[in-house]
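Heads up, the thing below is written out as structure tokens.
These values consider heavy atoms only, across backbone and side chains, with no hydrogens, waters or symmetry-generated copies. The first residue of the sequence shown is numbered 1, and numbering continues consecutively from there.
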Amino acid sequence: MEKIKFAIQKSGRLTDKSLGLLRDCGYDIEDPSRKLLVPCQNFPLDIFLLRDDDIPQYILDGICDFGIVGQNLLEEKYKEECEGKKIKVVAKLPFGKCRLSLAFKTTEGIRDLKDINGKVIATSYPEILRRTLGQKNIEVKIKTLSGGVEIAPIIDMADGIFDIVSTGSTLKAHGLQETFALMESQCVLISSTKLTPFSSSFIEGLSKRIKSSLVAKKSSYIMLNAPKSNVEKIIEVLPGGDSPSVLDLRTDKSKVSIHALTNKEVVWETMEKLKILGASNILVMPIEKMME
Ligand code: PRT
Ligand code: ZN
């Protein structure tokens, strides 16, 4: 029987989120622990656990059909293959968000990007840096390191660095200041271009489930009791979503019960506004699954 081969990062920042996404979409995958391949329990699907850098190559070689990687990796090492449509980006995923930034010990004398002309920059992303600066006619001397680039300015190996930043605390800990963000990145679902009818229908289904689970995560269901006199005002305060249901209460005829599916987060401020308008018993519940 044909099996789908899906590659995710073996052990790193993307591992739990990638497994979580597949599980949220209904695929029962046991904890891989040290295994390099785990079968899905309820679907003909094998999960390959690889270094993230190798995932696109497995797809190019036809060993895997699909994978999850950061855009930064594709942009650095597989730009040609993506542009030549040998690897297809199917969907952006809501994790792995970061930016690639230039950082220096001091921003003194660096007001504009062109002020970095001639500087020595240490990075694990030489291609992205060269390309982005080249488009702006800026030239720097690039020192390519495979990791730990933050140390380079401290030991006077480089003037600055170009690296991934998310919270910025690593830069701060090394006395570096984020100066220019050159690229935003997040995880993407990638696919081989040589799909069978079975793998095509799998990825179509998975894309729909991912979309639905993202909508569900952002949505919530709100229920409250409202005085009849203020129903319209209360409905105006409810954030987004479909038209609410308004139901009579059996005991208190001066009130109704309002139920609504909202497509935005219900924040405390909204609940406080509802309360001021006379709402009571306000319940906000998460949505586990949703199909529109
Ligand atoms: O072993 P393998 O090759 O599979 O893993 P890896 O070491 O190459 O990758 P890993 O797990 O570190 O990161 C995988 C992917 O996560 C990256 O390619 C990005 O797409 C994404 N990502 C998101 C990040 C970060 N955020 C991030 N903050 N990757 C790395 N970092 C680093 C950053 O460089 C800094 O040194 O984490 C450090 C902390 O960042 P701050 O700014 O939060 O302090
Ligand atoms: Zn890697």
Side-chain angles (χ1 to χ4, degrees), residues 1-74 78 81-82 85-98 166 185-221 261 263 265 285-292:
M1 188 214 254
E2 184 181 341
K3 271 190 151 186
I4 305 292
K5 287 157 282 170
F6 199 115
I8 63 169
Q9 190 188 26
K10 181 177 180 314
S11 121
R13 281 164 197 277
L14 313 180
T15 310
D16 288 350
K17 297 268 173 141
S18 304
L19 276 172
L21 179 91
L22 291 170
R23 286 172 178 153
D24 279 354
C25 289
Y27 300 101
D28 183 3
I29 302 156
E30 68 176 75
D31 231 356
S33 56
R34 282 156 193 273
K35 289 186 202 140
L36 299 178
L37 199 151
V38 285
C40 170
Q41 302 297 315
N42 60 350
F43 195 82
L45 163 69
D46 277 340
I47 307 297
F48 284 60
L49 293 124
L50 308 171
R51 289 268 326 255
D52 64 348
D53 311 65
D54 295 335
I55 292 175
Q57 193 60 52
Y58 272 67
I59 287 181
L60 286 169
D61 292 346
I63 298 166
C64 290
D65 308 303
F66 308 106
I68 294 177
V69 290
Q71 288 170 312
N72 53 310
L73 172 66
L74 293 180
Y78 297 94
E81 289 82 353
C82 290
K85 310 245 178 318
K86 289 180 181 149
I87 296 175
K88 194 176 157 214
V89 174
V90 180
K92 286 187 181 175
L93 303 174
F95 54 88
K97 287 190 181 161
C98 56
S166 48
S185 176
Q186 69 191 78
C187 275
V188 283
L189 173 60
I190 55 172
S191 153
S192 151
T193 45
K194 293 181 195 127
L195 297 182
T196 62
F198 181 56
S199 52
S200 297
S201 83
F202 165 81
I203 200 66
E204 235 174 74
L206 178 65
S207 304
K208 279 188 196 147
R209 288 185 189 186
I210 290 173
K211 254 192 217 151
S212 298
S213 95
L214 294 183
V215 174
K217 279 214 168 87
K218 270 201 246 160
S219 309
S220 46
Y221 197 75
L261 178 67
N263 58 11
E265 194 190 354
M285 286 156 290
I287 305 285
E288 192 190 306
K289 286 193 182 69
M290 187 167 140
M291 204 172 260
E292 284 176 333

Over 12 foreign heavy atoms within 6.0 Å of [atom1], [X]:
{"X": "Met291", "atom1": "CE", "answer": "no"}
{"X": "Lys10", "atom1": "NZ", "answer": "yes"}
{"X": "Phe95", "atom1": "CZ", "answer": "yes"}
{"X": "Lys211", "atom1": "NZ", "answer": "no"}
{"X": "Gln41", "atom1": "CD", "answer": "yes"}

Could you give the distance from [atom1] ([X]) to [atom2] ([Y]), rounded to the nearest 0.5 Å?
{"X": "Arg34", "Y": "Leu36", "atom1": "CZ", "atom2": "CG", "answer": "11.0 Å"}
{"X": "Leu21", "Y": "Cys187", "atom1": "CG", "atom2": "SG", "answer": "9.5 Å"}
{"X": "Lys92", "Y": "Ile210", "atom1": "NZ", "atom2": "CD1", "answer": "14.5 Å"}
{"X": "Cys25", "Y": "Lys289", "atom1": "SG", "atom2": "NZ", "answer": "9.5 Å"}
{"X": "Asp16", "Y": "Ile8", "atom1": "CG", "atom2": "CD1", "answer": "9.0 Å"}
{"X": "Leu45", "Y": "Asp28", "atom1": "CG", "atom2": "CG", "answer": "10.5 Å"}

Provide the closest heavy-atom pair for [X] versus [Y] in the form atom of the first, atom of the second, distance.
{"X": "Ser18", "Y": "Leu14", "answer": "OG-O, 2.6 Å"}
{"X": "Glu288", "Y": "Ala216", "answer": "O-CB, 4.2 Å"}
{"X": "Ile287", "Y": "Met290", "answer": "CG2-CB, 4.1 Å"}
{"X": "Cys98", "Y": "Ser166", "answer": "CB-CB, 4.4 Å"}
{"X": "Leu49", "Y": "Pro32", "answer": "CD1-CB, 3.5 Å"}
{"X": "Ser219", "Y": "Leu261", "answer": "CB-CD1, 4.5 Å"}

Using only atom types and a distance under 3.5 Å, with no angle test, would you say the side chain of [X] pairs donor to acceptor with the backbone of [Y]?
{"X": "Ser199", "Y": "Leu195", "value": "no"}
{"X": "Asp52", "Y": "Arg13", "value": "no"}
{"X": "Asp65", "Y": "Lys5", "value": "yes"}
{"X": "Arg23", "Y": "Ile29", "value": "yes"}
{"X": "Gln186", "Y": "Pro94", "value": "no"}
{"X": "Ser192", "Y": "Ile59", "value": "no"}

With a 4.5 Å limit on heavy-atom distance, are the side chains of [X] and [Y] in contact?
{"X": "Lys3", "Y": "Pro44", "result": "yes"}
{"X": "Leu206", "Y": "Leu22", "result": "yes"}
{"X": "Ile203", "Y": "Leu189", "result": "yes"}
{"X": "Ile190", "Y": "Tyr78", "result": "no"}

message = I'd like to know if Asp24 and Lys17 make a salt bridge, using a cut-off of under 4.0 Å between side-chain N and carboxylate O.
response =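 Not counted as a salt bridge, because no side-chain N and carboxylate O are separated by less than 4.0 Å.
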request  = State which residue, out of Ile87, Leu74, Val69, fulfils the side-chain contact (heavy atoms from CB on, under 4.5 Å) condition with Ile55.
outcome  =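 Going through Ile87, Leu74, Val69 one by one, the side-chain contact (heavy atoms from CB on, under 4.5 Å) with Ile55 is satisfied by Val69 alone.
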request  = Hey, can you tell me if Phe202 and Phe66 have their rings parallel, tilted or perpendicular (30° and 60° cut-offs)?
outcome  =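 Correct class here is tilted.
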inquiry  = Between Val215 and Asn263, does the side chain to side chain contact (heavy atoms under 4.5 Å, CB included) criterion hold? Intermediate values first, please.
reply    = CA-CA 7 Å; Val215 174; Asn263 58 11; 5.9 Å; no
task = Go through the steps to decide whether Asn42 and Cys40 satisfy the test side chain to side chain contact (heavy atoms under 4.5 Å, CB included), and finish with yes or no.
result = CA-CA 6 Å; Asn42 60 350; Cys40 170; 3.0 Å; yes
